[in-house]
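Written out below as structure tokens is the structure these notes cover.
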Amino acid sequence: MKRAFVSLVLLAIVLALSSCQSIDNFVVTNRSDAPIEVVYTFMRTSSSEIHVEKPQMMDAANLKDTDRTWEAVPNDQYMIDSQAGKVRVRLAPGKALLLTSANNYQKESAEADVDFGISSLSIMGAKGSIKLEGRQARMLFRYEEECHVITYE
């Protein structure tokens, strides 16, 4: 009886650990000394819907915190075109912008592009600009500070 109970407890622990979900954040940080403009477009779902998320930001220095708190970008610093799924944000120096989050993201999986959910990304600033489409955008992010980051310097 005791052996069966121990086995059940161990099985419960294994199942609990194997069903853990992870949330991966995709972030653009502005480490330059001037504001930048970040423009990104969300993908359409298989049912042709676009789920646009309001932009959130924090101080880039706080990305290291394990319990980071994102705050809404002030209304005068962003524009959303819900029909096109496009978001345009003016990001101040020293700030980090949360573009999107993905559950159980695996960079090399067949579903990675869909999980990422962004079809284009442009970053423009005083030191140059970059425009990325589809997979290019996703692949430019580097995993650091417990999230996927593109840094504009």
Side-chain angles (χ1 to χ4, degrees), residues 13-47 49-153:
I13 291 171
V14 168
L15 289 174
L17 291 175
S18 65
S19 66
C20 290
Q21 286 197 3
S22 67
I23 297 176
D24 289 82
N25 293 325
F26 292 85
V27 177
V28 172
T29 60
N30 182 1
R31 298 202 189 270
S32 74
D33 53 2
I36 61 173
E37 183 177 72
V38 181
V39 180
Y40 53 103
T41 307
F42 287 96
M43 288 181 180
R44 291 190 180 277
T45 65
S46 57
S47 60
E49 297 174 355
I50 300 178
H51 300 287
V52 179
E53 300 170 21
K54 289 188 177 182
Q56 297 181 22
M57 68 178 186
M58 71 167 54
D59 289 334
N62 294 342
L63 278 177
K64 297 174 189 151
D65 297 344
T66 54
D67 50 337
R68 32 185 119 114
T69 304
W70 295 97
E71 57 192 50
V73 173
N75 290 340
D76 63 342
Q77 294 178 21
Y78 76 92
M79 290 177 17
I80 293 178
D81 178 348
S82 297
Q83 298 292 334
K86 186 178 281 191
V87 180
R88 180 181 306 269
V89 179
R90 186 170 188 262
L91 190 63
K95 294 291 184 180
L97 174 66
L98 175 63
L99 301 182
T100 191
S101 299
N103 291 326
N104 297 324
Y105 173 76
Q106 295 178 8
K107 187 175 183 175
E108 302 303 325
S109 75
E111 298 84 28
D113 290 336
V114 173
D115 292 343
F116 175 57
I118 292 178
S119 62
S120 68
L121 171 64
S122 298
I123 304 170
M124 296 148 284
K127 297 184 178 182
S129 61
I130 184 169
K131 183 172 172 79
L132 303 164
E133 299 289 330
R135 177 174 286 236
Q136 274 185 325
R138 180 176 67 81
M139 297 304 286
L140 192 61
F141 285 87
R142 297 290 173 238
Y143 192 76
E144 59 185 60
E145 298 176 8
E146 302 298 318
C147 55
H148 305 270
V149 179
I150 292 177
T151 301
Y152 187 90
E153 298 182 277

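The chain is numbered in sequence order, starting from 1. As a basis for the values below, the full set of heavy atoms in this structure was taken, side chains included, without hydrogen atoms, waters or symmetry mates.
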Does the side chain of Ile36 reach to within under 4.5 Å of the side chain of Ser129, using non-hydrogen atoms? no

Does any N or O in the side chain of Asp65 come within less than 3.5 Å of the main-chain N or O of Asp67, such that one atom is a donor and the other an acceptor? no

Partner set under salt bridge (charged side-chain N to carboxylate O under 4.0 Å, His left out) for Lys131, not counting sequence neighbours: Glu133

Of all pairs that satisfy ring pair (Phe, Tyr, Trp, His ring centres under 6.0 Å), the ones with a partner from residues 28-47, not counting sequence neighbours: Tyr40-Phe42

Please determine which of Ile123, Thr151, Leu98 meets the side chain to side chain contact (heavy atoms under 4.5 Å, CB included) test together with Val28. Ile123

Run the side chain to side chain contact (heavy atoms under 4.5 Å, CB included) test on Val39 and Lys86 for me, step by step, so that the C-alpha distance in whole Å, both residues' side-chain angles and the decisive distance to 0.1 Å come before the verdict. CA-CA 7 Å; Val39 180; Lys86 186 178 281 191; 3.8 Å; yes

Working to the nearest 0.5 Å, report the span between NZ of Lys64 and SG of Cys147. 11.5 Å

How close do Ala96 and Val27 get, counting heavy atoms only, and between which atoms? CB-CG1, 3.7 Å

Within the distance-only criterion (no hydrogens, no angle test), does the side chain of Thr41 pair as donor or acceptor with the backbone N or O of Ser119 below 3.5 angstrom? no

To the nearest 0.5 angstrom, please state how far the CE atom of Met58 sits from the CG atom of Leu97. 11.0 Å

Over 12 foreign heavy atoms within 6.0 Å of CD, Gln83: no

Straight-line distance of Met57 CE to Trp70 CH2, nearest 0.5 Å: 10.5 Å

For Val38, which of Val87, Asn30, Leu121 qualifies under side chain to side chain contact (heavy atoms under 4.5 Å, CB included)? Leu121

Rounded to the nearest 0.5 Å, what separates atom OG1 in Thr100 from atom CD in Glu53? 4.0 Å

Measure the shortest side-chain to side-chain distance between Ile150 and Ile130 over non-hydrogen atoms and say whether it is less than 4.5 angstrom. no

Quick one: list whatever passes salt bridge (charged side-chain N to carboxylate O under 4.0 Å, His left out) with Lys95, sequence neighbours left out. Asp59

Heavy-atom pair of closest approach, residues Phe141 and His148: CD2-O, 3.4 Å

Between Ser32 and Ala34 (side chain of the first, backbone of the second, donor and acceptor by atom type, cut-off under 3.5 Å), is there such a pair? yes

Show the nearest heavy-atom pair for residues Tyr78 and Val89, with the distance to one decimal. CB-CG2, 3.9 Å

Does Asn25 reach the side chain of Arg68, with side-chain heavy atoms less than 4.5 Å apart? yes

Enclosure of Met79 CE (heavy-atom neighbours >12, cutoff 6.0 Å): no

Parallel, tilted or perpendicular for Phe116 and Phe26, by the 30°/60° rule? perpendicular

Assess whether atom CZ of Arg90 is packed by more than 12 heavy atoms of other residues, nucleotides or ligands within 6.0 Å. no

For Met139 and Arg142, work out which heavy atoms get closest and say how close. O-NH1, 3.1 Å

Rounded to the nearest 0.5 angstrom, the NE2-CD distance for His51 and Glu49 is 4.5 Å

Can a salt bridge be assigned to the pair Glu153 and Lys127 using a cut-off of 4.0 Å between side-chain N and carboxylate O? no

Within the structure provided, determine whether Ile118 and Arg138 are in side-chain contact (heavy-atom separation under 4.5 Å). no

